[in-house]
Amino acid sequence: MTRSPVRTAVVWDALRGALAERAESAGRGVLDIVDAGGGTGGFAVPLAELGHTVTVVDPSPDSLAALERRAKEKGVGVRALQGDAADLGELLPRDSADLVLCHSVLEYVEDPISALTAVSGLLRHGGAVSALTANPVASAIHRALAGHFDEALAVLEDPEGRWGDRDPTPRRFTPEALSELLAATGFAVGPAHGVRVFADLVPSRLVDGEPGAMEALVALEHAAAAHPVLREIAFQVHVLAHKR
């Protein structure tokens, strides 16, 4: 068994709740979902399997080709569009989505404010954005565990949460910073949760092949996600926010 269920369990739990809430308020079971930067469809294809209408917008043609292959293997249809998050307003009609996934996108776009403004324009009133970003504190921990102490210190001192010029991630967000960014673009912001608090720290030998270990680790991740201290060291930060 792979680590994927552990790494995504907290996000999927939040998404299931958001989907159920939106379906009830909208009075329809089939929702319109856009996955901005959805890549090869790790979230998009399972959402399509649930019966929703899903569109993936991604700048990589190779990723979109892999998405289409994955969707075909699962027997579902997912619309694939090439473009960036900031292009959403040009690619899709306003007020056409119930949920927009913005996972591992805000770290890389040229202007996060513009990207979230585009997301807001795409959402219907009461629709939600699922924002998932890298956390600088976790990056500092991982650099230190790898013996790169100067880089770990640089992460903590850099306003963008970067460890140096060779860092492939342009910026990272603490829970507070991500919440503030969403609020600044007009969203009603829900609580921030930590994602992958322990999943990337626990050695594989303690999980793989051990009866019940994976399930126990998932339960631990759920408990740690909202813990006021542990969420601060999570590899990723997740926030659900709604369009006012």
Side-chain angles (χ1 to χ4, degrees), residues 1-16 18-19 22 29-112 114-124 127-134 166-173 195-196 199-200 204 235-238 240:
M1 184 182 294
T2 68
R3 291 289 186 99
S4 181
V6 178
R7 293 187 172 114
T8 61
V10 170
V11 179
W12 273 112
D13 189 54
L15 289 179
R16 281 190 287 268
L19 291 169
R22 181 61 181 170
V30 177
L31 301 177
D32 297 310
I33 301 172
V34 175
D35 191 348
T40 60
F43 281 91
V45 170
L47 287 167
E49 288 184 282
L50 293 176
H52 301 296
T53 301
V54 184
T55 299
V56 171
V57 177
D58 195 277
S60 168
D62 291 339
S63 293
L64 293 177
L67 160 71
E68 292 176 334
R69 290 194 296 270
R70 175 182 279 185
K72 185 176 181 180
E73 289 172 0
K74 294 294 184 179
V76 297
V78 176
R79 185 184 183 192
L81 296 176
Q82 187 174 355
D84 296 311
D87 301 327
L88 290 174
E90 301 172 10
L91 295 170
L92 296 164
R94 286 185 62 86
D95 305 322
S96 61
D98 297 292
L99 173 68
V100 175
L101 307 189
C102 198
H103 295 174
S104 301
V105 169
L106 296 174
E107 301 96 313
Y108 300 98
V109 295
E110 183 175 342
D111 183 357
S114 295
L116 284 176
T117 300
V119 168
S120 178
L122 196 61
L123 284 168
R124 298 180 177 115
V129 57
S130 171
L132 182 69
T133 63
R166 295 181 296 107
D167 190 338
T169 304
R171 67 184 71 85
R172 296 178 176 86
F173 297 87
V195 176
R196 294 162 64 181
D200 295 348
S204 296
F235 186 78
Q236 294 172 303
V237 179
H238 183 247
L240 272 173

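Index from 1, following the sequence.
- Put simply, CG on Leu47 and CG on Asp35 are 7.5 Å apart, with the number rounded to the nearest 0.5 Å.
- Separating the OG atom in Ser63 from the CZ atom in Arg70 is a distance of 10.5 Å, to the nearest 0.5 Å.
- Taking all atoms of both residues into account, the shortest heavy-atom contact from Arg171 to Pro112 is NH1-CG, 3.7 Å.
- Counting heavy atoms from C-beta outward, Leu91 and Gln82 have side chains that stay 4.5 Å or more apart.
- Smallest separation of non-hydrogen atoms from Leu240 and Ala14: CD1-O, 3.5 Å.
- Between Asp87 and Asp84, some side-chain heavy-atom pair lies under the 4.5 Å cut-off.
- Separating the CZ atom in Phe173 from the CG atom in Leu132 is a distance of 11.5 Å, to the nearest 0.5 Å.
- Using a 4.5 Å heavy-atom cutoff, the side chains of Phe43 and Thr8 are in contact.
- Taking all atoms of both residues into account, the shortest heavy-atom contact from Val109 to Ala115 is CG2-CB, 4.1 Å.
- Cys102 is listed as a side-chain neighbour of Val105, based on a closest heavy-atom distance under 4.5 Å.
- Considering all non-hydrogen atoms of both residues, Leu92 and Ser96 come closest at CB-OG, 4.5 Å.
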Discussion item. Could you walk me through whether Val34 and Leu101 satisfy the side-chain contact (heavy atoms from CB on, under 4.5 Å) test, starting with their C-alpha distance in whole Å, then the side-chain angles of each, then the deciding distance to 0.1 Å, before giving a yes or no?
Written reply: CA-CA 6 Å; Val34 175; Leu101 307 189; over 6 Å; no

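- The backbone N or O of Asp95 sits less than 3.5 Å from a side-chain atom of Arg124, completing a donor-acceptor pair.
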Discussion item. Walk me through whether Arg7 and Asp200 qualify under side-chain contact (heavy atoms from CB on, under 4.5 Å).
Written reply: CA-CA 8 Å; Arg7 293 187 172 114; Asp200 295 348; 3.0 Å; yes

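- Leu64 contributes atom CG, which lies 10.0 Å from atom OG1 of Thr40 (distance to the nearest 0.5 angstrom).
- The side-chain heavy atoms of Leu99 and Arg22, taken from C-beta on, include no pair separated by under 4.5 Å.
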Practice prompt. Could you walk me through whether Val45 and Val76 pass the side-chain contact (heavy atoms from CB on, under 4.5 Å) test, one step at a time?
Written response: CA-CA 7 Å; Val45 170; Val76 297; 4.1 Å; yes

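- With contacts defined as side-chain heavy-atom distances shorter than 4.5 Å, the pair Glu90/Leu88 does not qualify.
- Here NE2 of His238 is found 4.5 Å from NE2 of His103. Values are rounded to the nearest 0.5 Å.
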Worksheet entry | Steps toward salt bridge (charged side-chain N to carboxylate O under 4.0 Å, His left out) verdict (Arg79, Asp32) | CA-CA 11 Å; Arg79 185 184 183 192; Asp32 297 310; over 6 Å; no

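- Rounding to the nearest 0.5 angstrom, the gap separating the CD1 atom in Ile33 from the OG1 atom in Thr53 is 8.0 Å.
- Considering all non-hydrogen atoms of both residues, Ala44 and Val56 come closest at CB-CG2, 3.4 Å.
- Scanning all heavy atoms of the two residues, the minimum distance from Ala118 to Ala86 falls at CB-O, 4.1 Å.
- Side-chain contact check for Leu67 versus Val78: some heavy-atom pair is nearer than 4.5 Å.
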Fill in: CA sep, side-chain torsions, deciding dist, call: Leu19, His52, side-chain contact (heavy atoms from CB on, under 4.5 Å)
CA-CA 10 Å; Leu19 291 169; His52 301 296; 4.1 Å; yes

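- Under the 4.5 Å side-chain criterion, counting only non-hydrogen atoms from C-beta, Val100 is not in contact with Ser130.
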